[in-house]
There are 2 protein chains.
Amino acid sequence: MLNDSAKLDTAFQALADPARRGMLARLSRGPASVSELARPLPMSLPAVLQHLKALEASGLVRTEKKGRVRTCRLEPKALAAAEGWIAEQRALWEGRLDRFEDYVQTLKTEG
Amino acid sequence: MLNDSAKLDTAFQALADPARRGMLARLSRGPASVSELARPLPMSLPAVLQHLKALEASGLVRTEKKGRVRTCRLEPKALAAAEGWIAEQRALWEGRLDRFEDYVQTLKTEG
DNA sequence: CGAATCGTTAAGCATGTACTTAACTAACGC
DNA sequence: GCGTTAGTTAAGTACATGCTTAACGATTCG
């Protein structure tokens with residue numbers, strides 16, 4: 001379902017922080033290690049780890065550890081779910097506008 | 001711009017709460033008063049007011065007071081901005097920026 | 001006028017978030 | 001085996017969130 005509320009909670013919450021969006025933007029260009037994600041960010045590594053945990057918990061990012069390096073990759077399905085919720089609301093809004101247009105036409109033709 | 005970070009912060013933050021998403025869902029069917037928004041929610045009116053403030057601060061909702069009733073309406077442009085950021089990341093991941101440009105145009109003209 | 005309706009403000013509280021530093025483990029590479 | 005690299009855990013702090021109740025202001029209506 002598109003409307004799994006608890007999932008949307010954590011996904012939007014994860015998106016609501018510039019550091020996490022920066023990490024996602026980096027990952028949208030391809031997989032990266034934790035320190036690669038951390039490098040451009042003005043904060044300590046443990047802080048980045050916490051952000052990463054938030055991203056994993058939301059399902060937006062999947063990680064895998066091999067040797068001593070953890071590789072992170074985007075999970076587009078979760079991203080699509082969040083996008084889908086917004087799109088649905090806008091579609092409803094626009095649907096309403098369409099009906100309004102029809103209504104206006106009816107008024108005109110009737111008289 | 002689509003990438004105004006501070007604006008996205010508050011927009012996604014506003015979306016990260018089921019009560020606020022419920023209010024938006026209601027508003028996507030048309031304008032409503034504060035108490036209409038509050039009726040289905042299991043919380044006090046002041047709590048709803050706070051959520052409403054968050055929605056206004058994010059630009060997702062616009063309100064107007066006439067007499068003693070405040071009327072709230074959806075602001076689709078802010079919704080489109082949030083949707084657009086996600087769409088951009090997914091487009092990058094899919095390696096198809098060309099189609100993304102078209103999509104942005106669609107969001108703008110629809111908003 | 002006086003009562004009911006709609007909204008608003010203020011204060012307080014419990015919990016969650018976003019960091020920090022310090023200390024520690026696990027794997028490479030020579 | 002020893003130092004370096006990569007990540008992790010723990011503990012603490014400062015501030016933000018999400019609610020509550022109580023009290024108040026402003027319209028509208030009988």
Side-chain angles (χ1 to χ4, degrees), chain A residues 5-27 30-74 78 82, chain B residues 5-27 30-74 78 82:
Chain A
S5 191
K7 207 72 186 169
L8 285 177
D9 281 12
T10 58
F12 282 128
Q13 176 97 24
L15 290 168
D17 183 287
R20 289 192 291 262
R21 284 200 307 280
M23 294 165 76
L24 289 175
R26 166 64 188 82
L27 291 176
S33 72
V34 173
S35 8
E36 277 167 1
L37 289 181
R39 190 157 327 125
L41 297 175
M43 64 182 68
S44 67
L45 239 179
V48 173
L49 254 293
Q50 278 178 226
H51 284 303
L52 184 57
K53 254 175 212 159
L55 289 170
E56 278 198 84
S58 73
L60 291 167
V61 164
R62 176 173 41 96
T63 80
E64 184 192 6
K65 191 164 182 179
K66 191 159 279 181
R68 62 182 165 172
V69 45
R70 177 175 296 279
T71 302
C72 314
R73 21 176 58 86
L74 209 61
Chain B
S5 191
K7 208 71 188 170
L8 285 177
D9 281 12
T10 58
F12 282 127
Q13 176 95 29
L15 290 168
D17 184 285
R20 287 192 291 261
R21 283 200 307 279
M23 293 165 76
L24 289 175
R26 166 63 188 83
L27 290 177
S33 72
V34 173
S35 9
E36 277 166 2
L37 290 181
R39 190 159 16 230
L41 297 176
M43 65 183 67
S44 66
L45 239 179
V48 174
L49 254 292
Q50 281 179 224
H51 284 304
L52 183 57
K53 254 174 213 160
L55 290 170
E56 279 197 82
S58 73
L60 291 167
V61 165
R62 177 171 41 95
T63 80
E64 183 191 8
K65 191 164 183 180
K66 191 160 280 182
R68 62 181 167 174
V69 44
R70 177 175 298 279
T71 302
C72 314
R73 19 177 62 85
L74 207 61

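Convention: sequence-line order gives letters A, B, ...; per-chain numbering from 1. Everything numeric in this text was worked out from a predicted model, so none of it was measured.
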Novice: Please give me the minimum heavy-atom distance between B/Leu27 and B/Ala32, naming the atom from each residue.
Specialist: CD2-N, 3.8 Å

Novice: For A/Leu55 and C/dA18, give me the distance from atom CG to atom P, rounded to whole Å.
Specialist: 11 Å

Novice: With respect to the side chain of A/Arg20, which nucleotide from D/dG18, C/dA18, C/dT8 is positioned closest?
Specialist: C/dA18

Novice: For A/Lys7 and A/Ser58, work out which heavy atoms get closest and say how close.
Specialist: CE-O, 3.9 Å

Novice: Considering all heavy atoms of both residues, which atom of B/Ala11 and which atom of B/Leu60 are nearest to each other, and what is their separation?
Specialist: O-CD1, 3.8 Å

Novice: From C-beta outward on A/Lys65, which listed nucleotide comes closest to its side chain: C/dC6, D/dG7, D/dC19?
Specialist: D/dG7

Novice: Without decimals, in angstroms, what is the distance between A/Glu56 CD and D/dG7 C1'?
Specialist: 13 Å

Novice: Which nucleotide sits closest to the side chain of B/Arg70: C/dA11, C/dC19, C/dG7?
Specialist: C/dG7

Novice: With respect to the phosphate group of C/dT17, does any side-chain polar atom (N or O) of A/His51 fall under 4.0 Å of OP1 or OP2?
Specialist: no

Novice: Whole-Å distance between D/dG18 P and B/Arg21 CZ?
Specialist: 12 Å

Novice: Hey, which of these two, B/Leu52 or A/Pro46, hits DNA chain C nearer its 5' end, going by closest nucleotide?
Specialist: B/Leu52

Novice: Measuring to OP1 and OP2 of C/dT25, would you say a side-chain N or O of A/Arg68 lies under 4.0 angstrom away?
Specialist: no

Novice: If you find the nucleotide of DNA chain C closest to B/Leu49 and the one closest to A/Met43, which residue's nucleotide is nearer the 5' end?
Specialist: B/Leu49

Novice: Nearest-Å distance, CG (B/Asp17) to P (D/dA16)?
Specialist: 18 Å

Novice: With a non-hydrogen cut-off below 4.0 angstrom, is B/Lys53 in contact with a base, only sugar-phosphate, or nothing?
Specialist: sugar-phosphate

Novice: Given C/dC19, C/dC6, C/dA11, identify the nucleotide with an atom nearest to the side chain of B/Gln50.
Specialist: C/dA11

Novice: Give the rounded distance in Å between these two atoms: CG of B/Leu41 and C1' of D/dT20.
Specialist: 16 Å

Novice: Starting at atom CD of B/Glu64, determine the distance to atom P of C/dC6, rounded to an integer number of angstrom.
Specialist: 18 Å

Novice: Among D/dA6, C/dA18, C/dG7, which is the nearest nucleotide to the side chain of B/Val69?
Specialist: C/dG7

Novice: In whole angstrom, give the distance that lies between atom CG of B/Leu37 and atom C1' of C/dC6.
Specialist: 13 Å

Novice: Taking all non-hydrogen atoms of both residues, which atom of A/Arg73 and which atom of A/Pro31 are closest, and how far apart?
Specialist: NH2-CG, 3.5 Å

Novice: Answer with yes or no whether the side chains of A/Ser5 and B/Arg21 bring together a donor and an acceptor at under 3.5 Å.
Specialist: yes

Novice: Round to the nearest Å and state the distance from A/Asp9 atom CG to C/dT17 atom P.
Specialist: 11 Å

Novice: May I ask you to evaluate whether B/Ser44 reaches the phosphate of D/dT20, defined as a side-chain N or O under 4.0 Å from OP1 or OP2?
Specialist: yes

